[in-house]
**Q** 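Once you've had a glance at the structure underneath, I'll fire off some questions.
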Amino acid sequence: MDKNYPEYFERVQSLMAGLGKEIPGTMNSFFKLHQVAVAEGALSTKIKELIALSIAITVRCDGCISFHVRGALAAGASREEIVEAIGVA
């Protein structure tokens, strides 16, 4: 089944926002965990997002894939780097 991941991202983001209204403490903690996990450190944010993308692919989490591709691009990953991460996964 083919997915339009930019559209899928928007749909998942909308669903997560709705969930955030119902369980704000949990969702705020989830978002904070992600921010801390991908923050610059010994590994760059870009590398961390590419790792997260590879994990998302292996666990077949389409929502996670859409978020981590977007995160990797925002962190400066090139198409070639994303494709290579996909190949590793």
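In what follows, residues are counted from 1 in the order of the sequence shown.
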**Q** Might you point out which heavy atoms bring Ala39 and Thr45 nearest each other, and give the distance in Å?
**A** C-OG1, 3.8 Å

**Q** Output every pair passing disulfide (SG to SG under 2.5 Å) with a member in residues 2-45, not counting sequence neighbours, ordered by first then second residue.
**A**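 Those involving residues 2-45 do not exist here.
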
**Q** Among all residues two or more places apart in sequence or in another chain, which pass the side-chain contact (heavy atoms from CB on, under 4.5 Å) test with Ser44?
**A** Glu40, Lys46, Ile47

**Q** List the residues meeting side chain to side chain donor-acceptor pair (under 3.5 Å) with Glu7, not counting sequence neighbours, and say none if there are none.
**A** Asn4

**Q** Could I get the full list of side chain to side chain donor-acceptor pair (under 3.5 Å) partners for Glu84, not counting sequence neighbours?
**A**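 Here no residue qualifies.
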
**Q** If you measure from CD1 on Ile65 to CZ on Arg70, what distance do you get to the nearest 0.5 Å?
**A**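 The CZ atom of Arg70 is 15.5 Å from CD1 of Ile65, to the nearest 0.5 Å.
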
**Q** Any disulfide (SG to SG under 2.5 Å) pairs touching residues 18-89, not counting sequence neighbours?
**A** Cys61-Cys64

**Q** Can Leu73 be reached from Ile57 by stepping across I, L, V, M, F, W or Y side chains whose heavy atoms are under 4.5 Å apart?
**A** yes

**Q** Hey, can you pull the donor-acceptor pairs under 3.5 Å for the side chains in residues 11-22, sequence neighbours left out?
**A**
none

**Q** Would you list the pairs meeting ring pair (Phe, Tyr, Trp, His ring centres under 6.0 Å) in which at least one residue belongs to residues 70-89, sequence neighbours left out?
**A** none

**Q** Going by ring pair (Phe, Tyr, Trp, His ring centres under 6.0 Å), name the pairs with one or both residues in residues 21-78, residues two or more places apart or in two chains.
**A**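 Every ring pair (Phe, Tyr, Trp, His ring centres under 6.0 Å) pair that includes a residue of residues 21-78, provided the two are not neighbours, is Phe9-Phe67, His34-His68.
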
**Q** With rounding to the nearest 0.5 angstrom, report the CD1 to CG distance, Ile55 to Leu50.
**A**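 Answer rounded to 0.5 Å: 11.0 Å.
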
**Q** Who passes side chain to side chain donor-acceptor pair (under 3.5 Å) against Asp62, sequence neighbours left out?
**A**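 Only Lys3, Tyr5 meet the side chain to side chain donor-acceptor pair (under 3.5 Å) criterion with Asp62.
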
**Q** At their closest point, which heavy atom of Val69 faces which heavy atom of Leu53, and how far apart are they?
**A** CG2-CD1, 3.6 Å

**Q** With sequence neighbours left out, write down each residue that passes salt bridge (Lys or Arg N to Asp or Glu O under 4.0 Å) with Lys48, or none if nothing qualifies.
**A** none

**Q** Going by the disulfide (SG to SG under 2.5 Å) test, which pairs reach into residues 29-58, not counting sequence neighbours?
**A** none

**Q** Please list, chain by chain and in numerical order, all residues satisfying side chain to side chain donor-acceptor pair (under 3.5 Å) with Ser54, sequence neighbours excluded.
**A** none

**Q** Just so I know, are the side chains of Leu43 and Ile51 near enough to count as touching, which here means a heavy-atom distance under 4.5 Å?
**A** yes

